[in-house]
2 protein chains.
Amino acid sequence: MNWTTVQLRKGLTALIVLDALEAGAWYAYGLRRAVHDQTHGLFSFSEGALYPLLHALRTRRLVAVQRRKVHGRERLYYTLTPKGQQTLDECRREWAGLNRALAQVLRPAKRQP
Amino acid sequence: MNWTTVQLRKGLTALIVLDALEAGAWYAYGLRRAVHDQTHGLFSFSEGALYPLLHALRTRRLVAVQRRKVHGRERLYYTLTPKGQQTLDECRREWAGLNRALAQVLRPAKRQP
DNA sequence: GATCATACCTAAGTATCCGAGGTATGAACT
DNA sequence: AGTTCATACCTCGGATACTTAGGTATGATC
């Protein structure tokens, strides 16, 4: 993967995480695997990125945490707060707009021969 | 603009710059204004971001520089190198793929009432 | 001759991401 | 019983990027 594309992916993590949480509570470790599998490995953030991100979302009150014991093992489940839901909605709208703008700016990719 | 969206925009800068250079040579100051105007202010990177970026692209041999005097004033014009063109093509393909994957993961934005 | 727009640049501080570690538990196998 | 594996959490250091806020210099305008 080239340098420019690497930069591109950064920052999408937060959006994907918020989106995933909308469908229901998730714990970090499972969320990571789920996103990785669903996108066929296209999006796979490291733990070193995910855990600090979740903490950051928490301090911004976009997500809330809840302890649960599953199969005798502790898990920290994250859920969207109302503020998180609101932010997610904003994000999706902005993302759509951004995408439209980008599509206007960017010439289409040449088909691969 | 909310925090998550801010993160989103970061990293798109390089792609946009490379794309702009494909159409022809540009100098930093003019490029900045052009992108800002063309996207109606949606993408506006600061000079502190643009100049270091161009230098980084140059050390990676993705762009080449050329001095020109226009209206008696010095300008540094940047052009895509073959390697830069190749990288841009890759980027566009990856971006398209990324976008498809993201569209699958992300629920569509609710229409604004 | 003062001011504005142009045109380049850098430095300090903040933030993010990744890689590489660490800890601890339950399950499975030997 | 002991080892190994998968799960599940976490942190720290280094590299990189972006913003803010500056600095310098020239041509044009008033």
Side-chain angles (χ1 to χ4, degrees), chain A residues 1-18 20 25-37 41-60 62-63 65-78 91 98, chain B residues 1-18 20 25-37 41-60 62-63 65-78 91 98:
Chain A
M1 193 167 27
N2 65 59
W3 170 68
T4 314
T5 309
V6 171
Q7 301 312 319
L8 255 177
R9 304 212 178 178
K10 299 185 177 182
L12 272 90
T13 323
L15 179 56
I16 293 175
V17 167
L18 285 181
W26 266 112
Y27 63 104
Y29 195 87
L31 174 63
R32 185 171 121 80
R33 230 184 6 202
V35 170
H36 175 90
D37 293 350
L42 250 170
F43 290 106
S44 42
F45 22 82
S46 63
E47 295 185 36
L50 182 54
Y51 284 104
L53 169 64
L54 284 170
H55 300 161
L57 291 173
R58 185 159 132 69
T59 60
R60 278 176 182 83
L62 303 181
V63 301
V65 193
Q66 194 188 355
R67 275 197 140 74
R68 281 193 224 166
K69 213 159 195 169
V70 180
H71 301 132
R73 186 177 268 119
E74 281 273 313
R75 285 182 187 164
L76 296 177
Y77 276 86
Y78 291 86
C91 273
L98 222 77
Chain B
M1 192 170 22
N2 65 59
W3 171 69
T4 312
T5 308
V6 171
Q7 300 312 316
L8 256 176
R9 305 211 179 177
K10 298 188 178 181
L12 274 90
T13 325
L15 180 56
I16 292 175
V17 167
L18 285 180
W26 267 110
Y27 62 104
Y29 196 87
L31 174 63
R32 185 170 121 80
R33 230 183 5 201
V35 170
H36 176 89
D37 292 350
L42 248 171
F43 291 105
S44 43
F45 21 82
S46 62
E47 295 186 34
L50 183 54
Y51 285 104
L53 170 62
L54 284 169
H55 299 161
L57 291 174
R58 186 160 132 66
T59 60
R60 281 179 179 80
L62 302 181
V63 302
V65 193
Q66 195 188 354
R67 276 198 138 72
R68 282 192 223 166
K69 214 159 191 168
V70 180
H71 302 130
R73 186 177 269 119
E74 282 273 313
R75 285 181 187 168
L76 297 176
Y77 276 86
Y78 291 86
C91 275
L98 223 76

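Just so it is clear, the model here is predicted, and its values are computed rather than measured. Within every chain, numbering begins at 1; the chains are lettered A, B, ... in the order of the sequence lines, protein sequences first and strands thereafter.
B:Val17 and B:Leu31 get closest at one heavy-atom pair: CG1-CD2, 4.1 Å. For the residue pair A:Ala28 and A:Tyr51, the shortest heavy atom distance occurs at CB-CE2, 3.4 Å. Closest approach of A:Ser44 and A:His36 over heavy atoms only: CB-ND1, 3.1 Å.
Here chain A contacts DNA chain C (any atom closer than 4.0 Å to a heavy atom, that is under 4.0 Å), and the contacts span C:dC17 to C:dG26 from 5' to 3'.
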How far apart are the C-alpha atoms of A:Arg60 and B:Trp3, what are their side-chain angles, what is the distance that settles it, and do they pass the side chain to side chain contact (heavy atoms under 4.5 Å, CB included) test? CA-CA 9 Å; A:Arg60 278 176 182 83; B:Trp3 171 69; 3.4 Å; yes
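A:Glu74 is linked by a salt bridge (Lys or Arg N to Asp or Glu O under 4.0 Å) to A:Arg67, counting only residues two or more places apart in sequence or in another chain. Partners of B:Arg73 under the side chain to side chain contact (heavy atoms under 4.5 Å, CB included) rule, at least two apart in sequence or in another chain, do not exist in this structure. The ring-ring contact (aromatic ring centres under 6.0 Å, His included) check on B:Tyr77 picks up B:Tyr27, with sequence neighbours excluded.
Residue contacts shown for A:Arg33 are limited to sugar-phosphate atoms, with no base heavy atom under 4.0 Å away.
No donor-acceptor pair under 3.5 Å is formed between the side chain of B:Arg58 and the backbone N or O of B:Val65.
Taking CZ of A:Arg75 as the start and CH2 of A:Trp26 as the end, the distance is 9.0 Å to the nearest 0.5 Å. Atoms OH and CG, on B:Tyr29 and B:Leu50 in that order, are 12.0 Å from each other to the nearest 0.5 Å.
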Along nucleotides 11-19 of chain D, 5' to 3', which nucleotides get a B, which get an S, and which get a -, given that the test is a protein heavy-atom distance under 4.0 Å? B-----SSB
Produce the list of close N/O pairs, under 3.5 Å, pairing protein atoms with atoms of nucleotides 26-29 of chain D; give distances to one decimal.
residue, atom, partner, partner atom, Å
D:dT26, O2, B:Arg73, NH2, 2.5
D:dG27, OP1, B:Gly72, O, 3.4
D:dG27, O4', B:Arg73, NH2, 3.2

